[in-house]
Amino acid sequence: MALLQPKRTKYRKSFRGKRTGLATRGNRLSFGTFGLKAIEAGWISARQLESARRAVAHFTQRGGRIWIRIFPDKPVTKHPAESRMGSGKGDVEGYVAVVKPGQLIFEMGAIEKSMAEEALRLASHKLPIKTKFVEKI
């Protein structure tokens, strides 16, 4: 299982940051006809994203096209279990994608609506945020 993560980064560790505001970019369907849109802010880990992608691919039996519109490029650190407080920032545990309300997570095309809706519903159960199904008008 090859998880998404940056090939190289400018800085190894980053601040946690604020999760306020709405998505101003990546909030319109650009590639496919159907999409899964975030309606709340949060972090989606590389593992969760891969799990959701696999759920979609499995349900559609690899029919249609899938576009992943987010990329986990934010390093998240964690101290090892049973270690004392302090002594600096922990080691990088994994990578997350910062998602704001309105951001598209997945897009799908070349597939009928009912199939896309069910596939994206299954994917939404793998994600830690509330989402909604959208389609191109």
Side-chain angles (χ1 to χ4, degrees):
M1 174 171 76
L3 293 175
L4 289 173
Q5 68 179 43
K7 285 188 179 76
R8 51 189 297 275
T9 56
K10 192 167 184 180
Y11 301 106
R12 202 161 53 93
K13 298 171 182 177
S14 74
F15 292 146
R16 292 175 68 84
K18 298 274 188 280
R19 300 186 199 181
T20 57
L22 303 173
T24 54
R25 299 168 61 148
N27 53 5
R28 293 191 186 91
L29 287 167
S30 301
F31 303 101
T33 321
F34 310 106
L36 192 65
K37 188 179 256 197
I39 53 175
E40 65 179 357
W43 286 354
I44 297 179
S45 73
R47 285 176 177 278
Q48 291 163 340
L49 198 58
E50 175 64 12
S51 177
R53 185 200 65 78
R54 284 177 123 171
V56 171
H58 181 261
F59 180 78
T60 58
Q61 293 167 351
R62 310 215 3 225
R65 294 250 2 227
I66 304 166
W67 290 270
I68 302 171
R69 294 290 308 272
I70 57 174
F71 185 79
D73 58 352
K74 181 184 186 68
V76 172
T77 61
K78 194 175 179 187
H79 271 294
E82 297 175 22
S83 67
R84 293 195 173 179
M85 294 302 248
S87 70
K89 201 167 164 78
D91 297 322
V92 174
E93 182 82 356
Y95 289 86
V96 297
V98 178
V99 174
K100 291 184 173 181
Q103 173 86 48
L104 277 162
I105 300 166
F106 290 106
E107 284 190 37
M108 291 187 79
I111 194 169
E112 61 260 16
K113 184 183 175 183
S114 59
M115 193 129 180
E117 208 162 2
E118 181 60 17
L120 292 174
R121 187 189 69 80
L122 292 170
S124 72
H125 289 303
K126 305 287 184 185
L127 301 174
I129 59 172
K130 289 182 185 146
T131 58
K132 71 175 180 180
F133 178 81
V134 291
E135 61 179 312
K136 201 170 249 181
I137 299 162

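Keep in mind that what you see is a predicted model, and the values were worked out from it rather than measured.
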> In terms of hydrophobic clusters joined by side-chain contacts under 4.5 Å, are I105 and F71 together?
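Yes: a chain of side-chain contacts under 4.5 Å links I105 to F71.
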> Start with the C-alpha gap between L36 and V56, add the side-chain angles, then the distance that decides, and say whether side-chain contact (heavy atoms from CB on, under 4.5 Å) holds.
CA-CA 11 Å; L36 192 65; V56 171; over 6 Å; no
> Give, for atom CD of Q48 and atom CH2 of W43, the distance between the pair rounded to the nearest 0.5 Å.
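That separation rounds to 11.5 Å.
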> Mind checking salt bridge (Lys or Arg N to Asp or Glu O under 4.0 Å) for E117 and listing every partner two or more places apart, or none if nothing turns up?
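E117: no salt bridge (Lys or Arg N to Asp or Glu O under 4.0 Å) contacts found.
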> With the threshold set at 4.0 Å, does a side-chain nitrogen-carboxylate oxygen contact exist between R121 and E118?
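Yes, this pair counts.
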> Which heavy-atom pair separates I44 from P128 by the least distance, and what is that distance?
CG1-CD, 4.2 Å
> Heavy-atom count check: over 12 atoms from other residues, nucleotides or ligands less than 6.0 Å from K89 NZ?
yes
> How far apart are the C-alpha atoms of F59 and L120, what are their side-chain angles, what is the distance that settles it, and do they pass the side-chain contact (heavy atoms from CB on, under 4.5 Å) test?
CA-CA 9 Å; F59 180 78; L120 292 174; over 6 Å; no
> Does K130, at its NZ atom, have more than 12 non-hydrogen atoms belonging to other residues, nucleotides or ligands within less than 6.0 Å?
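Atom NZ in K130 is not packed in, count stays at 12 or less.
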> For residues I129 and L4: do they belong to one hydrophobic cluster (side chain heavy atoms under 4.5 Å, members Ile, Leu, Val, Met, Phe, Trp, Tyr)?
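Yes, one cluster joins them.
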> Give, for atom CZ of R54 and atom CD1 of I66, the distance between the pair rounded to the nearest 0.5 Å.
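Those atoms lie 12.5 Å apart.
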> Who pairs with Q5 by side-chain contact (heavy atoms from CB on, under 4.5 Å), at least two apart in sequence or on another chain?
Y95
> Give the minimum heavy-atom separation between T60 and M108, together with the two atoms involved.
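The answer is CG2-CE, 3.7 Å.
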> Might you point out which heavy atoms bring P6 and P72 nearest each other, and give the distance in Å?
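Where P6 meets P72 most closely, the heavy atoms are CD-O, 3.6 Å.
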> A38 and V99: which non-hydrogen atoms are nearest, and at how many Å?
CB-CG1, 3.4 Å
> Could you pull out the closest heavy-atom pair between I111 and G64, with the gap in Å?
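Scanning both residues completely, I find the closest heavy atoms to be CB-CA, 4.4 Å.
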> Tell me which pairs pass side chain to side chain donor-acceptor pair (under 3.5 Å) where either residue lies in residues 23-39, with sequence neighbours left out.
none
> Tell me, do F34 and M115 make a side-chain contact under 4.5 Å, heavy atoms counted?
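In short, these two side chains do not touch, never coming nearer than 4.5 Å.
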> Hydrophobic clustering (ILVMFWY, side-chain heavy atoms < 4.5 Å, transitive) - are V96 and I68 grouped together?
no
> Quick check on the hydrophobic clustering: are I70 and F133 connected, directly or via other members, by side-chain heavy-atom contacts under 4.5 Å?
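Hydrophobic grouping puts I70 with F133.
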> Would you give the length of the straight line joining atom OG of S45 to atom CD of E50, rounded to the nearest 0.5 angstrom?
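So the OG of S45 and the CD of E50 are separated by 10.5 Å.
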> Could you check whether atom NZ of K78 has more than 12 heavy atoms from other residues, nucleotides or ligands sitting under 6.0 Å from it?
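No, not enclosed.
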> Tell me whether the count of non-hydrogen atoms from other residues, nucleotides or ligands lying under 6.0 Å of NZ in K126 goes above 12.
no
> Determine whether P75 and T9 make a side-chain contact, defined as any pair of heavy atoms from C-beta on separated by less than 4.5 Å.
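No, their side chains stay 4.5 Å or more apart.
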> Got a second to check how far L49's CG is from L127's CG, nearest 0.5 Å?
7.5 Å
> Do any N or O atoms from the side chain of Q103 and from the backbone of K100 form a donor-acceptor pair under 3.5 angstrom?
no
> Measure across E107 and F31 and return the closest heavy-atom pair with its distance rounded to 0.1 Å.
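Scanning both residues completely, I find the closest heavy atoms to be OE1-N, 2.7 Å.
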